[in-house]
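Below is one structure, written out as structure tokens, with a few remarks after it.
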There are 4 protein chains.
Amino acid sequence: MKKREVQASVKDERLVKKRRDQMIKGAVTLFIQKGFHRTTTREIAKAAGFSIGTLYEYIRTKEDVLYLVCDSIYDQVSERLQKDLDTNRGTIESLRMGIADYFRVVDEMQDEVLVMYQEVKSLSKDALPYVLKKEIEMVEMFEQIITGCVENKELDLPEAQIKMIAHNIFVQGQMWAFRRWSLKKLYSIEDYINLQTELLFQGIKSPVYNESNV
Amino acid sequence: MKKREVQASVKDERLVKKRRDQMIKGAVTLFIQKGFHRTTTREIAKAAGFSIGTLYEYIRTKEDVLYLVCDSIYDQVSERLQKDLDTNRGTIESLRMGIADYFRVVDEMQDEVLVMYQEVKSLSKDALPYVLKKEIEMVEMFEQIITGCVENKELDLPEAQIKMIAHNIFVQGQMWAFRRWSLKKLYSIEDYINLQTELLFQGIKSPVYNESNV
Amino acid sequence: MKKREVQASVKDERLVKKRRDQMIKGAVTLFIQKGFHRTTTREIAKAAGFSIGTLYEYIRTKEDVLYLVCDSIYDQVSERLQKDLDTNRGTIESLRMGIADYFRVVDEMQDEVLVMYQEVKSLSKDALPYVLKKEIEMVEMFEQIITGCVENKELDLPEAQIKMIAHNIFVQGQMWAFRRWSLKKLYSIEDYINLQTELLFQGIKSPVYNESNV
Amino acid sequence: MKKREVQASVKDERLVKKRRDQMIKGAVTLFIQKGFHRTTTREIAKAAGFSIGTLYEYIRTKEDVLYLVCDSIYDQVSERLQKDLDTNRGTIESLRMGIADYFRVVDEMQDEVLVMYQEVKSLSKDALPYVLKKEIEMVEMFEQIITGCVENKELDLPEAQIKMIAHNIFVQGQMWAFRRWSLKKLYSIEDYINLQTELLFQGIKSPVYNESNV
DNA sequence: GATGAATGAGTCTTCATTCAT
DNA sequence: CATGAATGAAGACTCATTCAT
């Protein structure tokens, strides 16, 4: 699926990219503070450093800004993930690393992830699929790593479990952002990584079962 | 923490309850369709079956409607949970049942959970704590069940893990609502319950480790 | 000119009078605080001690309340004046006394006078003449006293001056109410009475002219 | 005391002045017809010749319009007075001229004076002092002229009388506007000036006292 | 390309008035 | 007679979008 085109009146591609980057940066800050709906286009223009007129030279509607923001955040997150995941394919270690890396990316981009997470639903039916596609791709990245482990016989998991685990990992990453008001009181990001990884690999340890193993 | 009072001009408590129930019911439907911000007070009044003037006899601001909606949904969900969780305390079975029940409640109230989930952030700083409190209470309910199992020696888990698991269960329940566009293609609600429970209790089975256990 | 009839649904005349008196009393207080337009009918009803439904049993529109209030205030003021002015007709002393009494009435009813004074203009074209009539009558009372003095040869004034003086006295009375924020810093009510009376009777003393008179 | 700043979104000062002048002009007409409260912002915008949106580019609230109107009227009146009063300082003639000029200004700006006079009380506690200050200044202008005469030995008056006379003059000017429904039937503006001046300078002539002077 | 003044549809909220109980 | 819930017209104000300069 190709990117959704956001129309600009200005022709100079380089300029379009530059202006949009300014715009995204300003908008993220504002969306974090007050949400998409409570942020005005004027505020976005001001935060971006240009006039309302100029803003509309690079987008068609306010919603375009939201799309651009979401798109940009996903791009950044998945770009960083991609890099990490290209190494050590098929080993349990690569899965551990993948999870840790993903959680750390989320930690670093907390605000952005939160925004994207809370405002996607404000995208029109038109733009939504493009953003959802990105999310699916990220889940698939985890799926591939896990599948690699299974193919390498490092893990033994049925298809249904693979997908479930991929979803869980993805959501647990987001969870670090959107439940931070609660989680940060309990864990550091490294604690969080360790605990979630441990639970993932070992499940809940029942002393009864353990005893019977002896 | 006491409930936040939403002021009504009308004195008759019974009527206030009745009208607010109408209002909540209509509002949920609308919020699902278009979100809080894109829904107008007139639409809410109409959906509730009365005039805009009457709407404002029972609330002070539009945000009150959102608060009422969130409050009502949490109440319904946690009321159902409470009922289930009072039996079989301290056994692994009660934990299994608790999870299954919670996931089924979420399934039945998908729309409501989704709404609440996506719109809480639109609550003012004033009302937010009251709603967040509800969420914390629900996580604590799971914590208590798990703690019960630990006290009964049915499980052996450190404090940090108990809390982590409680959060995970809570989020995995919500996840069924907010990722349904993706999950429903893969699993029925019962599949989902079984898979998540299995993963929770056993973790990822690694053939390598199993062999080494022999 | 007869009083303007304000229609009431209730038949019992005595009750109508009683309820309207309650209403007027409450309304004056409110009008003083916030003005006619910023006062709601609900507030008036509450201040009067009965329900909004009952309020409308005794008036037809909100404006009726204003009319009733203005009418009542004028009645009180002119009733008190009338009493005083019936004695000592035709003497300068009666004029002095009339002025002093009028100013004192205004002082005692400052709030009421102020309200009436500021809100008459909010009366509809329909009710205005009835209230203005009252004002004219009051000016005429002063006219009569002065005319009495002229007829008694206590004063020697042409018609035009008589009317002018009557107006001046009337306005100087009101002035004590509507410029009190300024005048009270300078004078007590008795100072005010003395000064205004003195100026009225003697005008500005010019030493130059006095000398030339010698 | 500095002027209260009324915030505008538009930066161009010249334009702000121009638009506000249009706005004031339109608003005065409307306020005269129906009063401040019964005039809608849409009507003001229309009367000013632009859209409601544009109106709000130049003010923040409806009350700002009222403040602007009051401020402008006082400015016009006192500007005209100031000009006149700079000449012939300290002579009785300058006082006569000042009164005549002031009354004539009021006559020319009857509507404006009336509006300001009736609506000031609708200003918020915030804006009121700024307008009241203007009124005080105008009274002080008369005070200064009179004081000048006293210093020049053209008049012999105690402090308390000077202030009282200044207030009287000021109120008699306004009176020409707010009692015009009554006064115009009796006098032309020139009659009014002559009569009031005469009364001011000579007081009521009592034939008895005159005889005793001989 | 950039600017920002102008636009007006749309939104929340108030409040005088009615009428069934 | 008294009550107060219901009504909806009306009003202040916002803000995405356009377009002339």
Side-chain angles (χ1 to χ4, degrees), chain A residues 8-12 15-16 19 37-46 49-65, chain B residues 8-12 15-16 18-19 37-45 49-65, chain C residues 8-12 15-16 19 37-46 50-65, chain D residues 8-12 15-16 18-19 37-46 49-65:
Chain A
S9 308
V10 174
K11 301 297 167 194
D12 181 342
L15 192 55
V16 170
R19 291 276 181 263
H37 280 104
R38 295 197 213 275
T39 301
T40 69
T41 51
R42 281 178 139 88
E43 288 170 325
I44 296 171
K46 192 173 182 185
F50 38 71
S51 72
I52 182 69
T54 303
L55 183 76
Y56 275 86
E57 292 288 312
Y58 297 94
I59 53 161
R60 277 265 176 286
T61 68
K62 184 186 174 187
E63 210 213 272
D64 283 346
V65 181
Chain B
S9 306
V10 173
K11 301 290 169 193
D12 182 343
L15 191 55
V16 170
K18 181 182 159 196
R19 291 280 179 261
H37 280 104
R38 295 198 213 276
T39 302
T40 68
T41 50
R42 284 196 138 75
E43 288 171 323
I44 296 171
F50 36 69
S51 72
I52 183 67
T54 301
L55 182 75
Y56 276 88
E57 291 282 306
Y58 296 92
I59 52 159
R60 269 239 188 308
T61 67
K62 184 185 175 189
E63 209 214 272
D64 281 347
V65 182
Chain C
S9 307
V10 174
K11 301 298 167 193
D12 182 345
L15 191 55
V16 170
R19 292 277 181 261
H37 280 105
R38 295 197 214 276
T39 302
T40 69
T41 50
R42 282 179 140 84
E43 289 170 323
I44 296 170
K46 192 172 181 185
F50 37 72
S51 73
I52 182 67
T54 302
L55 183 75
Y56 274 87
E57 292 288 312
Y58 297 92
I59 53 160
R60 276 267 176 284
T61 69
K62 183 185 175 188
E63 211 213 270
D64 282 346
V65 181
Chain D
S9 306
V10 173
K11 302 289 170 194
D12 182 343
L15 192 55
V16 170
K18 182 182 158 196
R19 291 279 179 261
H37 281 105
R38 296 198 213 275
T39 301
T40 69
T41 51
R42 283 194 138 78
E43 288 171 325
I44 296 171
K46 193 173 182 185
F50 36 70
S51 71
I52 182 70
T54 301
L55 181 76
Y56 276 88
E57 292 282 307
Y58 296 92
I59 51 159
R60 269 238 187 312
T61 66
K62 185 184 173 188
E63 209 214 274
D64 282 346
V65 181

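Residue numbering restarts at 1 for every chain, and letters A, B, ... go by the order of the sequence lines. Remember, it's a predicted structure, so these values are computed and weren't measured experimentally. Atoms considered below: every heavy atom in the structure, side chains included; atoms not considered: hydrogens, waters and symmetry mates.
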hbond_proxy A:Arg42 side chain to F:dT14 base (donor-acceptor, 3.5 Å cutoff): no
Contact nearer the 5' end of DNA chain F, comparing A:Thr39 with B:Gly49: B:Gly49
Integer-rounded Å distance: E:dA6 C1' and D:Asp12 CG: 14 Å
Sugar-phosphate only, base, or nothing, as touched by B:Arg19 at under 4.0 Å among non-hydrogen atoms: sugar-phosphate
B:Leu15, nearest nucleotide to its side chain (from F:dA5, E:dA2, F:dT17): F:dA5
Shortest non-hydrogen contact from C:Arg19 toward C:Phe50: CD-CE2, 3.5 Å
Atom-pair distance (CD1 on A:Ile52; P on E:dA6), nearest Å: 16 Å
Non-hydrogen atoms of B:Thr41 and B:Leu55 that approach each other most closely: O-CD2, 3.6 Å
Mutual orientation of the aromatic rings belonging to B:His37 and A:His37 [parallel < 30°, tilted 30-60°, perpendicular > 60°]: parallel
Nucleotide forming a Watson-Crick or wobble pair with E:dA20, both distances under 3.5 Å: F:dT3
Between F:dC1 (P) and C:Lys11 (NZ): distance, integer Å: 9 Å
d(OH, B:Tyr56; P, F:dT7) in whole Å: 16 Å
D:Lys46 NZ - F:dA12 P separation (whole Å): 15 Å
Among E:dT3, E:dA16, F:dA16, the one nearest C:Thr41 by side-chain distance: E:dA16
Most 5' of C:Ile59 and B:Thr40 on DNA chain E, judged by nearest nucleotide: B:Thr40
Check against side-chain contact (heavy atoms from CB on, under 4.5 Å), C:Leu15 and C:Tyr58: CA-CA 9 Å; C:Leu15 191 55; C:Tyr58 297 92; 3.4 Å; yes
Residue met sooner reading DNA chain F from 5', once B:Gly53 and C:Phe50 are mapped to nucleotides: C:Phe50
Residue pair D:Thr61 / D:Ile59: nearest heavy atoms and the distance that separates them: O-CD1, 3.5 Å
Interatomic distance, C:Tyr58 OH vs E:dT17 C1' [rounded to whole Å]: 18 Å
Touch class at under 4.0 angstrom, heavy-atom based, for B:Ser51 against every strand present: base
Nearest-angstrom distance from the residue atom NZ of B:Lys18 to P of F:dA5: 13 Å
Value in whole Å for how far the P atom of E:dA16 lies from CZ of C:Arg38: 13 Å
Touch class at under 4.0 angstrom, heavy-atom based, for A:Thr61 against every strand present: sugar-phosphate
A:Thr54 side-chain N/O to E:dT3 phosphate OP1/OP2 under 4.0 Å: yes
